[in-house]
There are 2 protein chains.
Amino acid sequence: MNLILFTESDFCNTQHICLRDRRHKHIADIHKAQPNSLLRIGQINGHKGTGKVISIDDQQVTLHISLSTPPPAALPLTLLLALPRPKMLKRILQTASTMGVKELYLLNSYRVDKSYWSTPLLSEDSIKEQLLLGLEQAGDTQMPCVHIRKRFKPFVEDELPSISLNTRGLVAHPYDAISCPEPTTDPTTLAIGPEGGFIPYEVEKLQQAGLTPFHVGERILRVETAIPAIISRIFPII
Amino acid sequence: MNLILFTESDFCNTQHICLRDRRHKHIADIHKAQPNSLLRIGQINGHKGTGKVISIDDQQVTLHISLSTPPPAALPLTLLLALPRPKMLKRILQTASTMGVKELYLLNSYRVDKSYWSTPLLSEDSIKEQLLLGLEQAGDTQMPCVHIRKRFKPFVEDELPSISLNTRGLVAHPYDAISCPEPTTDPTTLAIGPEGGFIPYEVEKLQQAGLTPFHVGERILRVETAIPAIISRIFPII
């Protein structure tokens with residue numbers, strides 16, 4: 001937890017927040033905070049700054065807050081991911097959130113096992129929990145939006161063309177592909193397939209919707225490794 | 001398993017290999033291979049190619065092998081990592097191996113908990129297992145070398161200067177740092193610290209040994225995310 005995040009509901013008055021949950025435990029056990037200790041804090045979807053410990057006991061900690069710094073810039077990226085297997089989903093949501101992704105579509109694909117769609121990890125609360133962990137790691141405050149699309153074709157035909165319009169459209173795909181494009185800050189739409197990749201029909205549909213196949217090299221990366229490797233290559237700053 | 005790896009000891013004669021372990025299971029259950037099925041194979045520290053199934057039963061599979069393709073190029077990189085917590089070590093070894101790291105030093109640092117050094121995951125067999133999984137994922141055959149250095153100061157003073165000599169020496173460190181250097185294929189020595197980072201004394205010692213602090217941006221990345229993000233930025237091809 002490199003940043004302690006809070007929301008409107010944590011305010012006890014305009015300048016103070018009271019924390020009782022795992023954040024209290026972290027402040028007590030890891031920071032071993034005492035009155036007057038200074039902690040890095042951030043308001044979700046707001047600024048970052050400093051929290052000064054006013055009081056701390058076994059139950060809760062009260063912080064006087066002072067917010068002045070904007071969060072890191074969001075990536076100008078819409079990321080489309082074939083739904084990963086549940087075992088990987090938590091970590092991948094954290095990774096995307098840590099890297100600064102703010103628009104994420106979890107998408108069906110031929111090689112996504114149907115059973116993956118019934119995982120409780122796709123509940124709104126569970127997704128939010130992982131995104132929050134990613135923000136805490138990065139030192140970011142801006143909560144990403146996750147969109148769930150259980151049907152590939154209607155999404156790619158009806159929604160994707162307007163998402164990818166006027167963006168740099170890319171799909172990570174090793175065959176008949178261009179080399180990885182140069183880093184730019186252009187708005188980008190990037191699709192990353194499932195284990196085993198998108199099938200040719202899907203790549204064709206993604207191309208029709210404005211995405212160009214590209215590769216980053218000969219090695220086949222796991223999705224959780226491909227996300228930072230690709231983002232780090234196509235944007236000049238992360 | 002994007003590549004089925006074998007060694008000298010798997011040969012039953014000069015052109016055939018016989019596999020009985022998890023590779024047999026993978027070929028039977030995932031590939032559902034039959035006689036004449038073609039599989040992507042690679043000899044550890046050798047070439048890649050095709051294995052044609054000669055026979056398969058409940059116990060073993062026999063493949064006729066034909067090797068022609070060299071493995072992906074190794075990264076011209078020596079990676080120094082502060083020893084990660086055991087929970088993360090397996091995954092980080094896999095990630096480094098998948099990305100093409102061939103020389104990896106696991107290093108002590110002030111913020112490495114002493115208990116991490118007693119994990120059974122540091123046994124030679126356990127490390128090799130994770131490196132192998134990384135190669136199978138990437139489609140690589142060249143086994144990385146992992147060196148264990150339990151004492152920071154003697155390593156940095158006595159060994160590191162000759163390792164970093166005539167290489168691009170870098171330490172990922174967000175303070176008083178240059179921006180991430182441009183991608184080149186120059187031989188590189190890269191150090192990545194523990195959770196919480198190297199302490200100032202350690203950064204100073206690493207600088208004296210030829211490494212320059214640099215940062216990749218404002219976000220704080222987990223080591224397993226930093227490895228692909230940084231490698232992907234400092235080398236033109238991965």
Side-chain angles (χ1 to χ4, degrees), chain A residues 1-3 30-31 40 48 69-75 87-88 91-92 94-101 133-142 172 174 179-180 182-183 185 195-197 215-238, chain B residues 1-3 30-31 40 48 69-75 87-88 91-92 94-101 133-142 172 174 179-180 182-183 185 195-197 215-238:
Chain A
M1 202 186 290
N2 294 309
L3 188 69
I30 307 293
H31 289 290
R40 280 181 291 184
K48 306 190 336 180
T69 319
L75 285 178
K87 204 178 119 187
M88 306 307 296
R91 189 172 296 275
I92 286 169
Q94 285 182 40
T95 300
S97 176
T98 294
M99 293 296 294
V101 176
L133 290 171
L135 295 180
E136 289 175 357
Q137 168 66 42
D140 192 358
T141 67
Q142 295 180 77
S179 293
C180 190
E182 290 295 305
T185 55
E195 261 186 78
H215 67 85
V216 286
E218 202 179 331
R219 297 171 185 282
I220 305 169
L221 307 180
R222 283 191 314 237
V223 174
E224 69 193 281
T225 311
I227 293 172
I230 293 173
I231 286 177
S232 180
R233 268 184 112 73
I234 65 175
F235 295 108
I237 292 179
I238 51 175
Chain B
M1 202 187 289
N2 293 310
L3 188 69
I30 308 293
H31 288 292
R40 280 181 292 185
K48 305 187 346 177
T69 319
L75 284 178
K87 204 179 120 186
M88 306 307 297
R91 189 172 296 275
I92 286 170
Q94 285 183 38
T95 300
S97 176
T98 294
M99 294 295 295
V101 175
L133 290 171
L135 295 180
E136 288 175 357
Q137 168 66 41
D140 192 359
T141 65
Q142 294 180 77
S179 293
C180 190
E182 290 296 304
T185 54
E195 261 185 78
H215 67 85
V216 286
E218 201 178 332
R219 298 171 183 283
I220 305 167
L221 307 180
R222 282 190 315 237
V223 174
E224 68 192 283
T225 310
I227 293 172
I230 293 173
I231 286 177
S232 181
R233 269 184 111 73
I234 65 175
F235 295 107
I237 291 178
I238 51 175

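Everything numeric here is computed off the predicted structure, so don't read it as measured data. Below, read A as the first sequence line, B as the second, and so on, with proteins coming before strands; counting in each chain starts at 1.
In terms of non-hydrogen atom pairs under 4.5 Å with chain B, the most contact-rich of Gly217(A), Ala226(A), Pro72(A), Gly134(A) is Pro72(A). Chosen from Ile227(B), Asp140(B), Leu3(B), the residue pairing most often with chain A at heavy-atom distances under 4.5 Å is Asp140(B).
At a 4.5 Å heavy-atom cutoff, Glu195(B) makes no contact with chain A through either its backbone or its side chain.
The structure places CG of Leu135(B) at 8.5 Å from CD of Gln142(B), a figure rounded to the nearest 0.5 Å. To the nearest 0.5 angstrom, His215(A) atom NE2 is 9.0 Å from Cys180(A) atom SG. In this structure, OG1 on Thr98(A) lies 7.0 Å from CG on Leu221(B), to the nearest 0.5 angstrom.
Salt-bridge formation is detected for the pair Glu224(B)/Arg91(A): a Lys NZ or Arg NE/NH1/NH2 atom is positioned less than 4.0 Å from an Asp or Glu carboxylate oxygen.
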